[in-house]
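Structure record follows, encoded as structure tokens.
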Amino acid sequence: MKDQLAALLARITAANEAYHAKDLPIMSDAEYDALRQQAAALLAAHPELGSAAALENIGAAPASGFAKITHIVPMLSLDNSFSPEDFSEFCARIRRFLGLDASPLHFVAEPKIDGLSISLTYEHHRFVHAATRGNGTEGEDVTRNLLTMDCFPRQLPPTGPARIEIRGEVYMTKHDFLALNASQTRQFANPRNAAAGSLRQLDASITAQRKLSLFAYALGDVASPVAATHWAYLQTLKDWGFDVNPLSKRITETTAAQFQASIGEARAALPYDIDGVVYKIDDIALQNRLGFVGRAPRWAIAWKFPAMRATTTLEAIEIQVGRTGALTPRARLTPVNVGGVLVQYATLHNEDEIARKDFCPGDVVELQRAGDVIPQIIGVVTPGPHHQPFSFPTHCPVCGSLAVRDADEAVRRCTGGLTCPAQITERLIHFCARGAFDIEGMGDKTVQEFFEAGLLKSAPDIFKLPAREAQIAAREGWGKLSAANLTAAIEARRNITLPRFIFALGIRRIGENNAKLLARHYGSFANWRANMQAATQIGSDARLELGSISGVGLTIATDLAAFFAEPHNIATLDELAKLLTITDAPSATTSTSALAGKTIVFTGTLTMARPEAKARAEALGAKVTESVSKKTDFVVVGEDAGSKAKKAVELGLTILTEAQFRELAELI
Ligand code: IVH
């Protein structure tokens, strides 16, 4: 018995280390949970072997151990494209945004290296520190690890800027990856994992033994401009002593597909792994005008190589119930390796897709995986022996309520609302997740466990958990330390910003972006709540205002009104407000622009494209709405303006010409 326990604990320790410290999971989450359960059961049945705390001590994720560094300019990701059509659409979007004519755009194309991104900061021309991407805003300080690598300069010439963040990719060559795996028993799955595992070593002497390389390719913060084009920037990086990918090339929109194909052909023979090509607008002034949307630049795109395919058996069609009651089918497959990743589940989209492609458990199907996208089933290769059309459930598989489908919708939804355990738990999981309250330790499993135990029925209950710390500590698999950690994690989140709070509520169609728009428009929780309640009245001023917030629109206004029309939701909201401190949305007044905090309406034809005008105004802290009201500060009137301009005159609002707007927006 003792040996059995020791063996289990050793495997759990190894799994923890592999997962947290080495970026190299050696088992699935399910296997890991099963091991922990077995160990917990052994300890419970044989207290003489030790206390349950033995398990706890090895269960916790080790503190990362790296200091944190805040990136001055956030490290973003890239949008993906997979076809010439996607790429053309990307170019068309740029043209629409800037109001350009059809002449081809100029790009720099660079192989997309499969490694991990890094930001190197230089102050007064000296290298000061290096950070991983982390969550994009804050990364891990890996300066000591980087200093073991000789593939980047420690000093920039005195002609360089006084401060600069240089971004690039740390990677391991295929050759060095194979040599590393051959030299040790621990096996990394691919060069990317090997690079990440080698760089993120608390003991920098281990990094020193690994061969890592770096390509520089982007710019973060900079004290003074380095170059007018991305191409010139790359040449400067080379002059400064960085490695810049030698396959990078200046191309135009019309030759992109050709370049994509040539890199695709060269791919297998390259000394490092790549998963596509990144296309970046060459002119940096244009890049700045294009700016960012969400977490990705408008001026760059990653065109990924075609997906990898495999065939396997569709074992079952499982139906999951989401937080808004949507019944989502997914395919359980006989696990199969698709381009280096073991795939067991694939998305099936919705019931029409299942009917159209005629999927049935038992069929042999072809699936594909593209980048980080969830694998998809392309079609049936051989129908199974009992093949018949799949009948999609008409009732919720969790609570049994009727599941209905609106005429214009692809999705069937459970009508159980808050009587459906799946909807409640999914909402609670969303509430605690990253981007929302981000409570460490309150993942799906804990939420599920507490819900089943009756500790958690609605969101406010989360903030009552600290009062039940002793009760939680006594639960199987918990203990004093874990319970205290959970209390601390919850207490740390009693302060929340308005956009995160709105997002956490899990209202249909209110994702992070829309939550930000709402928070910015209404400013404070009290003001938002009052306006939303008023907006439940169709035709009210509040409803019109909500629908006219640029980017919100009528459908979203309807969803919000539906949420606020439920007395139960208002009660939950008010209970939460009592338990929390909800800080106002970061006010636009941090911007010193004359447009900060102003509400603007554009009407008529402007010489600058409408999307760019709108983005510029928003970047300076203004709110852009579609309709004119008493609350509008400025109406920017272009040529052939109609009723909005007339209404602005009637209301006595400030009317700006495009030239006046450009002046206020500092575009002249
Ligand atoms: S540019 C704002 N260039 O791809 C521009 N990224 O999906 C940010 N990557 O996190 C990135 N090669 O780790 C850029 N030549 C290249 C790249 C590249 C690889 C990675 C990078 C980034 C990810 C985005």
Side-chain angles (χ1 to χ4, degrees), residues 12 15-17 19-21 29 32-33 36-37 40 52-70 132 134-141 200 323 424-506 512 515 525 572-573 575-583:
I12 295 170
N16 273 331
E17 223 204 359
Y19 186 90
H20 294 295
D29 289 1
Y32 175 76
D33 290 342
R36 286 186 62 92
Q37 269 162 16
L55 190 54
E56 213 144 84
N57 290 339
I58 59 167
S64 131
F66 290 100
K68 297 278 188 271
I69 289 182
T70 303
T132 60
N135 61 10
T137 309
E138 194 182 67
E140 288 170 333
D141 181 346
R200 296 178 64 250
R323 77 183 140 84
I424 304 176
T425 49
E426 288 299 326
R427 284 191 203 187
L428 289 170
I429 291 166
H430 169 84
F431 189 90
C432 299
R434 234 175 138 172
F437 273 79
D438 195 12
I439 301 175
E440 217 177 311
M442 282 292 280
D444 347 2
K445 292 204 183 88
T446 308
V447 169
Q448 200 78 44
E449 178 193 333
F450 288 178
F451 177 75
E452 278 161 20
L455 284 164
L456 211 54
K457 292 195 179 70
S458 68
D461 291 342
I462 294 164
F463 297 94
K464 297 174 191 158
L465 290 174
R468 297 177 159 196
E469 190 181 313
Q471 195 184 337
I472 294 170
R475 294 185 61 80
E476 198 180 312
W478 281 84
K480 278 195 177 143
L481 183 64
S482 310
N485 284 344
L486 184 66
T487 295
I490 294 171
E491 292 300 348
R493 293 293 185 264
R494 275 198 204 265
N495 281 307
I496 187 148
T497 60
L498 183 59
R500 284 177 91 111
F501 179 79
I502 296 178
F503 172 63
L505 297 174
E512 281 178 281
F525 170 72
T572 307
L573 211 60
E575 201 181 342
L576 280 170
K578 270 192 226 131
L579 294 161
L580 303 169
T581 309
I582 305 168
T583 49

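Only heavy atoms go into these numbers, but all of them, side chains included; no hydrogens, no water, no symmetry mates.
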Would Leu573 and Leu505 satisfy side chain to side chain contact (heavy atoms under 4.5 Å, CB included), going step by step from the backbone distance to the final call? CA-CA 9 Å; Leu573 211 60; Leu505 297 174; 3.5 Å; yes

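- In this structure, Arg500 and Phe437 have side chains that are not in contact, with every pair of non-hydrogen atoms separated by 4.5 Å or more.
- Asn495 CG to Thr581 OG1: the interatomic distance, rounded to the nearest 0.5 Å, is 4.5 Å.
- The heavy-atom pair separating His430 from Ala436 by the smallest distance is O-CB, 3.4 Å.
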Donor-acceptor contacts, no H, no angles, side chain residues 464-477, under 3.5 Å, sequence neighbours left out:
from: Lys464; atom 1: NZ; to: Glu575; atom 2: OE2; distance (Å): 2.7
from: Glu469; atom 1: OE1; to: Thr487; atom 2: OG1; distance (Å): 2.8
from: Arg475; atom 1: NE; to: Glu449; atom 2: OE2; distance (Å): 2.8
from: Arg475; atom 1: NH2; to: Glu449; atom 2: OE2; distance (Å): 3.4

Determine all donor-acceptor pairs shorter than 3.5 Å in which one atom belongs to a side chain in residues 452-462; sequence neighbours excluded.
from: Asp461; atom 1: OD2; to: Lys457; atom 2: N; distance (Å): 2.6
from: Asp461; atom 1: OD2; to: Ser458; atom 2: N; distance (Å): 3.1

Evaluate the side chain to side chain contact (heavy atoms under 4.5 Å, CB included) criterion for residues Glu140 and Ile69: first the C-alpha distance (whole Å), next the side-chain angles of each, then the deciding distance (0.1 Å), finally the verdict. CA-CA 6 Å; Glu140 288 170 333; Ile69 289 182; over 6 Å; no

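- Contact annotation: the side chain of Thr425 never approaches that of Phe450 to less than 4.5 Å [non-hydrogen atoms, C-beta and beyond].
- At least one donor-acceptor pair closer than 3.5 Å links the side chain of Arg494 to the backbone N or O of Phe463.
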Test side chain to side chain contact (heavy atoms under 4.5 Å, CB included) on Glu426 and Asp444 and set out the steps. CA-CA 8 Å; Glu426 288 299 326; Asp444 347 2; over 6 Å; no

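- Among residues two or more places apart in sequence or in another chain, the ring pair (Phe, Tyr, Trp, His ring centres under 6.0 Å) test is passed with Phe501 by Phe525.
- Around the CD atom of Glu138, the shell of radius 6.0 Å holds more than 12 heavy atoms that belong to other residues, nucleotides or ligands.
- A distance of 11.5 Å separates CD1 of Ile490 from CG of Leu579, quoted to the nearest 0.5 Å.
- Residues Cys432 and Val447 come closest through the heavy atom pair SG-CG2, 4.5 Å.
- Under a 3.5 Å cut-off, the side chain of Thr583 and the backbone N or O of Ile496 do form a donor-acceptor pair.
- Put simply, CD1 on Ile439 and OG1 on Thr446 are 11.0 Å apart, with the number rounded to the nearest 0.5 Å.
- For the atom pair Ile424 CD1 and Ile429 CD1, the distance stands at 11.5 Å (nearest 0.5 Å).
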Full working for side chain to side chain contact (heavy atoms under 4.5 Å, CB included) between Phe431 and Met442: CA-CA 10 Å; Phe431 189 90; Met442 282 292 280; over 6 Å; no

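- Going from atom CG of Asn135 over to atom NZ of Lys68 covers 8.5 Å, rounded to the nearest 0.5 Å.
- Taking every heavy atom of both residues into account, Arg493 and Asp438 meet most closely at NE-O, 3.0 Å.
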